[in-house]
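Shown next, in structure tokens, is the structure this report addresses.
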Amino acid sequence: MQKIEAIIRPSKLEDLKAALENIQIRGMTASEVKGRGLQNNQKQYYRGREVSVDLNPKIKVEIVCHDESVENIISTIINSCRTGKHGDGKIFVYPLERVIRISTREEGAAAL
Amino acid sequence: MQKIEAIIRPSKLEDLKAALENIQIRGMTASEVKGRGLQNNQKQYYRGREVSVDLNPKIKVEIVCHDESVENIISTIINSCRTGKHGDGKIFVYPLERVIRISTREEGAAAL
Amino acid sequence: MQKIEAIIRPSKLEDLKAALENIQIRGMTASEVKGRGLQNNQKQYYRGREVSVDLNPKIKVEIVCHDESVENIISTIINSCRTGKHGDGKIFVYPLERVIRISTREEGAAAL
Amino acid sequence: MKPKVKAVLLIINAMLLTLGLPLLACGAEGPGVDTGDTAFVIICSALVMLMTPGLALFYGGMVRRKNVLSIIMQSFTAMVLVSVQWVLIGYSLGFGADFNHLVGGLQYLGLNGVGGEPSLAYAPTIPHQVFVLFQMMFAIITVALISGAFAERMRYSIFVVFVLLWTTLVYDPLAHWVWGVDGWLRNLGALDFAGGTVVHISSGISGLIACLLLGPRKTDGAEPMVPHNLPMTMLGAALLWFGWFGFNAGSALGASGLAAHAFLVTNTSAAAGAIGWAAAEWLRQGKPTALGAASGVVAGLVAITPAAGFVTASSAIVMGLLAGPLCYFAVSSLKIRFNYDDSLDAFGIHGVGGIFGALATGVFATTAVNSAGVNGLLMGNPHLLWVQLLAVLATAGFASIMTVGILKMLTLVAPLRVSDEDEDIGLDLTQHGEDAYNYGEVSPA
Amino acid sequence: MKPKVKAVLLIINAMLLTLGLPLLACGAEGPGVDTGDTAFVIICSALVMLMTPGLALFYGGMVRRKNVLSIIMQSFTAMVLVSVQWVLIGYSLGFGADFNHLVGGLQYLGLNGVGGEPSLAYAPTIPHQVFVLFQMMFAIITVALISGAFAERMRYSIFVVFVLLWTTLVYDPLAHWVWGVDGWLRNLGALDFAGGTVVHISSGISGLIACLLLGPRKTDGAEPMVPHNLPMTMLGAALLWFGWFGFNAGSALGASGLAAHAFLVTNTSAAAGAIGWAAAEWLRQGKPTALGAASGVVAGLVAITPAAGFVTASSAIVMGLLAGPLCYFAVSSLKIRFNYDDSLDAFGIHGVGGIFGALATGVFATTAVNSAGVNGLLMGNPHLLWVQLLAVLATAGFASIMTVGILKMLTLVAPLRVSDEDEDIGLDLTQHGEDAYNYGEVSPA
Amino acid sequence: MKPKVKAVLLIINAMLLTLGLPLLACGAEGPGVDTGDTAFVIICSALVMLMTPGLALFYGGMVRRKNVLSIIMQSFTAMVLVSVQWVLIGYSLGFGADFNHLVGGLQYLGLNGVGGEPSLAYAPTIPHQVFVLFQMMFAIITVALISGAFAERMRYSIFVVFVLLWTTLVYDPLAHWVWGVDGWLRNLGALDFAGGTVVHISSGISGLIACLLLGPRKTDGAEPMVPHNLPMTMLGAALLWFGWFGFNAGSALGASGLAAHAFLVTNTSAAAGAIGWAAAEWLRQGKPTALGAASGVVAGLVAITPAAGFVTASSAIVMGLLAGPLCYFAVSSLKIRFNYDDSLDAFGIHGVGGIFGALATGVFATTAVNSAGVNGLLMGNPHLLWVQLLAVLATAGFASIMTVGILKMLTLVAPLRVSDEDEDIGLDLTQHGEDAYNYGEVSPA
Ligand SMILES: Nc1ncnc2c1ncn2[C@@H]1O[C@H](COP(=O)(O)OP(=O)(O)O)[C@@H](O)[C@H]1O
Ligand SMILES: Nc1ncnc2c1ncn2[C@@H]1O[C@H](COP(=O)(O)OP(=O)(O)O)[C@@H](O)[C@H]1O
Ligand SMILES: Nc1ncnc2c1ncn2[C@@H]1O[C@H](COP(=O)(O)OP(=O)(O)O)[C@@H](O)[C@H]1O
């Protein structure tokens with residue numbers, strides 16, 4: 001099993017959820033993060049002081065899945081979250097040792 | 001060393017902290033996340049419009065520990081966070097390469 | 001590739017960003033977390049009730065990088081975030097399987 | 001006209017008649033109306049009205065975020081229901097012709113006969129309606145105050161019925177006892193300038209009874225019960241303070257020196273209350289808190305309410321300085337000691353502060369301030385203190401018994417509390433289907 | 001004096017003269033000024049002024065967090081621009097000597113000749129300037145109300161120009177029609193005590209037109225459109241309610257029994273509106289919401305506005321009980337049905353509630369309340385209802401046509417909406433370069 | 001009575017006598033009291049009182065979230081301490097019988113002899129106590145304003161002592177200079193309708209001095225210093241605007257045409273100030289901000305304060321249009337240039353705007369508005385401008401010297417600032433042991 005972690009634009013979350021449901025993926029965990037990279041800074045102004053904001057709001061979506069689904073999920077993420085501009089985000093894939101469902105104590109594939 | 005990541009109900013955090021202290025585990029990092037899975041959606045209403053909320057508030061607890069503690073911690077989590085209903089959450093276990101304590105530069109077991 | 005995850009004091013984020021830019025590291029993802037460990041609890045008071053807060057605000061910084069940069073980044077983090085007191089935080093290093101940039105579909109080193 | 005339309009009109013017309021509201025000339029002013037006094041009391045009514053939203057914020061900031069709408073909604077519910085109840089029956093029960101010194105008669109049902117002419121008995125220089133309005137705002141906030149005691153656990157439908165029953169069966173008679181012509185406490189000579197007994201003791205004691213009957217909030221597995229938004233509470237306290245000027249100064253029922261005096265001592269006691277509370281915290285905890293200062297302001301305001309037209313500014317300083325630490329003690333020690341879950345200290349501040357204020361009025365009152373008043377203990381008249389004590393006991397006793405009765409009766413119909421699971425999820429979602437805040441991008445969908 | 005300084009002074013002096021503001025004695029009071037009435041209407045003006053920030057919060061809590069400053073800024077912009085416009089030209093267009101029953105003349109340009117003497121035609125017991133102030137606050141809130149219809153998408157620069165044009169070309173003439181001496185709707189005998197047509201119908205209808213012309217907010221890929229901060233909305237509703245006392249009671253233009261009556265029915269209808277709306281929700285959704293109660297309060301207030309000086313308290317209960325569910329139906333069903341994106345229901349509440357209130361005035365008005373009024377349908381005079389209907393149609397028609405004209409004209413100059421990308425990022429950042437909240441430690445740098 | 005109880009009573013009685021508060025008849029109205037004027041000034045006092053919580057929110061929204069309670073608490077502290085100080089000694093120092101044209105005598109200590117009779121010298125148509133109340137609210141806000149300059153770093157205990165010393169040693173004498181009968185600036189003919197010098201210049205300059213003495217906030221390793229909650233700031237600005245009507249119109253001390261005029265020009269200048277500031281931003285940054293509009297409102301209000309009873313509405317437009325950009329320049333360029341850390345621009349807005357307003361009064365004042373006033377430069381009288389300049393210099397000089405003295409003295413006792421570590425953690429936790437917000441489920445335990 002692997003964990004796919006996608007850092008995406010906040011405005012793409014709804015699209016992503018819909019796209020994933022289309023491929024029967026429902027389970028996920030999302031959280032708010034701020035990111036920097038190649039995307040331009042934002043300019044803000046407070047009483048004439050210009051503040052350059054280099055941490056842009058992003059959403060991190062974590063999906064744990066079977067090895068065979070990884071490819072499909074990745075391309076779904078890319079398809080629904082891509083605008084082609086810097087700031088679209090990244091996908092990171094991590095190895096995972098174990099998965100357990102708390103409510104039933106099931107392990108592994110059954111736990112998803 | 002491994003990292004145990006538990007996604008739990010917000011109302012179980014206090015119980016979990018207490019249970020972990022009982023087995024001498026104090027170090028942890030917690031954060032707010034939203035999750036979806038098999039748990040039912042919530043219904044909300046705004047000026048007659050029904051909004052179905054499919055991301056439920058959860059807490060992610062991360063605990064880095066020695067390999068031999070993993071089993072004990074997992075069962076402690078299950079025991080204190082389980083209600084038996086959908087939405088109790090998951091436990092994910094990840095491999096870890098290194099652990100360093102910033103204040104002392106200690107590495108490995110000494111850093112925890 | 002590896003992921004470096006640093007749990008640091010909130011007041012050190014600006015210093016860390018500056019220090020990392022010095023070594024040409026710009027990409028990162030930051031988020032707010034709360035942590036407990038050896039650092040002392042805070043005392044708060046609400047209508048005469050003393051509340052002991054055992055989750056201290058921290059920032060989690062995640063940096064995905066090439067294997068050869070790991071050492072350099074770790075020492076940069078330590079140098080800029082260390083006060084020597086409990087609560088400075090930890091650095092965790094995780095193995096990573098894949099990295100993909102959404103905007104260009106590039107994989108691996110090119111995606112960073 | 002289409003017959004269907006005609007039928008609707010007839011029904012509406014019938015409703016109007018049933019409501020019994022007469023079609024009298026309100027615009028016509030009686031003789032003796034003073035525009036300055038009228039302007040003053042109308043605006044004071046608006047100020048007092050603002051106290052209930054102020055309370056909603058004061059309370060709202062102190063609950064956990066999952067219950068903030070529910071507590072605000074309870075204050076709004078009090079405003080909404082009592083506004084209508086007062087017009088239909090409440091005013092009449094409070095200020096209608098005396099019945100056995102216990103309650104007003106039904107002559108003002110639907111504000112029948114209440115118009116632009118002053119009520120000579122109650123306020124001879126302002127239109128009768130202005131007096132009705134002003135008193136209405138008192139009835140509203142009183143029942144809203146109680147909600148602090150059982151915050152975060154009562155079912156909303158129970159609250160709705162509770163408000164209607166309590167205001168009709170407890171507040172209206174009490175108002176008559178103390179302020180109504182021939183009310184028995186008034187006849188006895190009890191002093192209550194702006195509602196210490198009627199408003200604060202009655203709500204504080206009822207709150208205590210209610211939280212005892214409902215039982216404490218669930219604590220196991222619950223997140224820590226700390227205020228979710230203290231700036232909201234501070235804003236609420238400020239609005240309460242602001243509105244309280246209308247409450248106390250307006251109780252002079254005219255733009256007079258007495259009104260100015262009441263305003264002055266009100267402000268003084270509020271300030272002294274905050275100083276007293278914060279000083280007590282500083283001594284005991286090592287740090288004065290913002291919540292403490294705000295709570296001290298309210299304690300000082302509660303304490304001075306019955307006394308505002310009867311005591312000097314220096315007495316107000318003393319009363320505030322005592323009320324602050326006293327209420328601090330009540331919420332931090334008494335509550336722990338006796339282990340009741342008065343969530344937001346409706347009893348600890350309004351009950352305790354109100355009782356203290358009523359008795360202190362018996363100590364500090366002086367006819368030098370107000371020749372219509374009575375001298376208190378310090379002026380050599382211990383009698384007043386006994387009268388005040390009797391008023392306190394009568395109010396507390398009546399409010400307790402009635403509140404027990406109302407709640408016990410309601411228990412027969414339905415559970416008073418939400419289920420444990422709903423309490424866990426929070427009342428906003430479970431009672432109202434709403435989430436107070438959706439700040440983040442990871443918001444509901 | 002240095003010549004440069006002198007030149008500057010001359011320029012400033014010239015500006016003053018160009019502005020045409022006379023240097024007349026404002027301190028001198030004319031005969032007939034009543035200090036009580038003056039105190040009352042001045043304070044009421046302050047209360048009405050507070051309604052616009054109240055609206056800013058009411059609206060602000062309902063938008064997504066990325067647009068909260070933009071909507072608050074729109075209310076502030078209305079306050080700021082109309083305050084100056086009113087002094088320079090607005091008051092004159094509304095209340096200057098009648099021109100063809102359609103608009104006021106220019107005699108009061110720059111408040112020329114407006115001083116401490118009462119205007120006998122409009123308010124004989126208060127300084128003329130007080131009347132100017134009071135009316136100014138109405139002009140401000142009216143245009144601010146419209147912003148709810150096109151929230152979260154209009155370019156700020158367009159909004160600025162829209163405010164100036166709309167208030168001058170729509171509001172000022174309308175105010176003249178209904179309230180100006182010899183205005184045609186006033187001559188016709190249409191009743192509008194405190195601005196149902198002028199304020200609520202005109203803004204509601206204009207909002208509808210504007211949101212149709214701008215088109216709906218982008219929904220694909222957007223976060224769910226749920227209110228970001230409901231306690232803020234509740235506070236806003238409370239401030240609206242509070243300020244509305246100034247709005248309606250102040251419209252009596254004196255501290256009279258009529259003012260008290262207007263205050264009473266205003267409060268009653270607000271309460272009944274909330275009861276009606278919440279009850280409808282309870283029946284249909286199974287849960288009454290806090291937002292629903294607050295919206296019902298506003299619906300009740302809107303409905304009673306034209307009627308406040310003409311109907312009884314029992315009629316106010318009926319009007320509120322009907323207005324609540326009616327507006328609930330408008331925002332939850334009508335809007336879905338006809339698929340327009342009236343973001344914050346400026347039309348659904350102010351338009352629908354305003355039309356209902358104007359017609360209901362024709363039904364419930366009675367000279368028993370106010371001998372200066374007219375009897376309505378229920379008192380056997382169907383004529384008034386037709387007059388009210390005509391006033392509604394004329395107002396709605398005029399507001400629609402003018403709003404279409406103004407916006408179409410503006411489209412020629414620049415796009416009305418922000419770009420899709422900017423809408424996505426939010427108007428706070430893209431229009432104002434600000435982020436409303438920076439709570440977290442991971443804040444911008 | 002038990003001897004112990006008796007002893008306590010004796011002590012309390014002694015306290016009362018020590019406080020020197022007489023037991024005089026406050027309820028009795030003297031001849032010449034006008035209920036309309038009284039109603040007006042009492043309500044205006046309440047409005048001015050609300051400005052300080054308004055300021056608390058205005059400032060509170062601008063600090064970082066870890067310091068929001070500390071800044072709100074500083075405003076509350078000013079309210080609380082000055083309320084008591086004013087009763088005990090402040091009023092007497094300000095308005096007691098003149099001593100050497102510099103300070104009031106001690107005859108009103110503990111408000112001795114201040115009752116329902118009007119003070120003929122100060123306000124002949126309202127009870128003396130009303131004048132006391134109204135002036136009290138000015139004393140409160142003045143010292144609260146200063147807190148903006150050294151926000152986010154001063155120790156709370158130092159602030160407490162600073163408030164008491166500053167209000168007694170700086171504000172009270174200054175009030176006497178400008179408003180007290182026989183005060184030297186008043187004798188000189190300096191015009192200050194509602195407190196431009198006394199309130200704004202004195203607080204602004206003292207703030208500047210204080211922030212220079214304390215030194216800047218720590219910036220290395222600090223999160224970016226951006227406002228944490230701008231809607232809170234907007235609400236604060238709205239409450240300030242609302243309360244300012246009481247401040248300026250109330251300064252007419254009666255419900256007169258002059259009051260209406262002051263209200264009108266106040267509103268006009270506020271609006272023009274916002275237009276000026278936002279326009280300057282639009283030109284320089286490309287975007288007008290909400291914070292800019294709110295700041296411009298305050299700048300316009302500050303500027304018009306000394307002039308409100310002396311200048312025309314068109315002058316108010318000009319003054320606002322100049323004050324906005326001037327203060328914008330002060331906070332965005334001057335502050336950077338001279339590198340002082342006036343955290344929330346107490347000097348940049350109140351100091352700079354206040355000085356501008358005082359001088360502009362010397363330019364624009366005209367007796368056509370107020371025959372009790374004086375003509376200014378534009379009416380051909382350059383003398384007034386010199387007098388105003390002198391008043392500015394005297395105020396600024398006195399405030400600076402005294403503030404330096406007070407703070408230097410305090411430095412001897414204890415450090416003025418919190419430790420670096422405490423500054424890092426935030427003042428809410430370290431000074432008050434509280435956390436302002438606990439929204440999340442991961443909240444403290
Ligand atoms: N090296 C990195 N480690 C962790 N997160 C990163 C890294 N680089 C970028 N990110 C995350 O990805 C987001 C998008 O990256 P960015 O470089 O701005 O544009 P692009 O989408 O073209 O890669 C960033 O905001 C940040 O959250
Ligand atoms: N595939 C997944 N990947 C990541 N997180 C998941 C996944 N499935 C579930 N979760 C997380 O676990 C939580 C609980 O899952 P859910 O399916 O609702 O109930 P259960 O507790 O019975 O597994 C979700 O809210 C989500 O945060
Ligand atoms: N075992 C652990 N697993 C995960 N996070 C931990 C663990 N121990 C500590 N942390 C994180 O590191 C932070 C600092 O740890 P702490 O023990 O307080 O001080 P030190 O910096 O000396 O290690 C904690 O607040 C927590 O966020």
Side-chain angles (χ1 to χ4, degrees), chain E residues 1 9 12-13 15-16 19 21-29 33-39 42-43 45-46 49-50 53 56-57 60 68-69 72-73 76-77 79-81 83-84 87 110-111 115-116 127 129-130 132-133 136 156 232 431-439 441 443-445, chain F residues 34-37 39-40 43 47 64-65 223-224 226-231 234-235 238 241-242 245-246 249 254-261 263-264 267-268 270-272 274-275 285 287-291 293-294 297 309 312-315 317-318 363 366 368-372 377-378 382 437:
Chain E
M1 239 183 276
L9 289 180
I12 290 176
N13 216 337
M15 282 173 73
L16 295 188
L19 290 172
L21 299 208
L23 305 170
L24 50 88
C26 312
E29 254 120 313
V33 166
D34 179 292
T35 57
D37 289 347
T38 303
I42 292 184
I43 302 293
S45 303
M49 174 272 180
L50 196 59
L57 298 174
V68 56
L69 288 176
I72 292 178
M73 184 68 167
F76 266 72
T77 302
M79 294 173 74
V80 151
L81 294 179
S83 284
V84 173
V87 165
L111 297 189
Q129 284 173 327
V130 176
V132 172
L133 282 176
M136 179 198 292
Y156 180 66
M232 181 187 282
Q431 302 296 296
H432 305 294
E434 290 172 294
D435 195 1
Y437 305 102
N438 290 297
Y439 272 50
E441 284 83 10
S443 43
Chain F
D34 179 290
T35 57
D37 289 347
F40 183 64
I43 302 293
L47 262 56
R64 286 164 294 169
R65 67 146 284 181
E223 66 269 51
V226 298
H228 91 286
N229 188 334
L230 280 176
M234 300 306 284
L235 170 57
W241 191 345
F242 174 69
F245 292 136
S256 60
L258 183 61
H261 181 83
F263 190 122
L264 181 69
N267 188 67
T268 308
I275 294 174
Q285 301 164 188
K287 282 174 188 170
T289 65
L291 178 58
V297 163
T312 64
S314 59
S315 300
I317 296 179
V318 176
V363 173
T366 161
V369 163
N370 183 346
S371 53
L377 185 62
L378 282 185
Y437 306 102

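Residue numbers begin at 1 in each chain, while the letters A, B, ... track the order of the sequences. From a predicted model like this one, the values you see are computed outputs, not experimental measurements.
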Heavy atoms of F:Gly36 and E:Ala39 approach each other most closely as O-CB, 3.5 Å
Checking heavy atoms, do the side chain of E:Glu434, its backbone, both or neither come under 4.5 Å from chain F?
side chain
A side-chain contact here means heavy atoms from C-beta on lying under 4.5 Å apart; do F:Pro231 and E:Leu69 qualify?
yes
Nearest heavy-atom contact between E:Val84 and F:Thr268 is CG2-O, 4.4 Å
Of all of E:Asp34, E:Ile43, E:Asp37, which one pairs up most often with chain F through heavy atoms under 4.5 Å apart?
E:Ile43
When the 4.5 angstrom heavy-atom criterion is applied to E:Ser45 and chain F, the contacting part is both
Among F:Ala293, F:Pro288, F:Ala274, who wins on heavy-atom pairs under 4.5 Å with chain E?
F:Pro288
Looking at E:Gln129 and F:Leu264, would you say the former's side chain and the latter's main chain have a donor-acceptor pair under 3.5 Å?
no
To the nearest 0.5 Å, what is the distance between CG (E:Asn438) and CZ (F:Arg64)?
11.5 Å
List the atom of E:Ala46, the atom of F:Phe245, and the distance in Å for their closest heavy-atom pair.
CB-CD1, 4.0 Å
Please look at E:Val68 and chain F and tell me whether the side chain, the backbone, both or neither of the residue comes under 4.5 angstrom of a heavy atom of that chain.
side chain
Any E:Met232 side-chain heavy atom under 4.5 Å of F:Leu235 side chain:
no
Honestly, the part of E:Ile42 sitting under 4.5 Å from a heavy atom of chain F is both
Value rounded to 0.5 Å, distance of CZ in F:Phe263 from CE in E:Met49
8.0 Å
Can you see which heavy atom on F:Ala271 is nearest to which on E:Met79, and at what distance?
CB-O, 4.4 Å
Among E:Val132, E:Leu50, E:Val130, E:Thr77, single out the residue with the greatest number of heavy-atom pairs under 4.5 Å to chain F.
E:Leu50
So what's closer than 4.5 Å to chain E heavy atoms on F:Leu47: side chain, backbone, both or neither?
side chain
Below 4.5 Å from any heavy atom of chain E, which atoms of F:Thr289 appear? Answer side chain, backbone, both or neither.
both
In Å, rounded to the nearest 0.5 Å, how long is the span from CZ of E:Phe76 to CH2 of F:Trp241?
7.0 Å
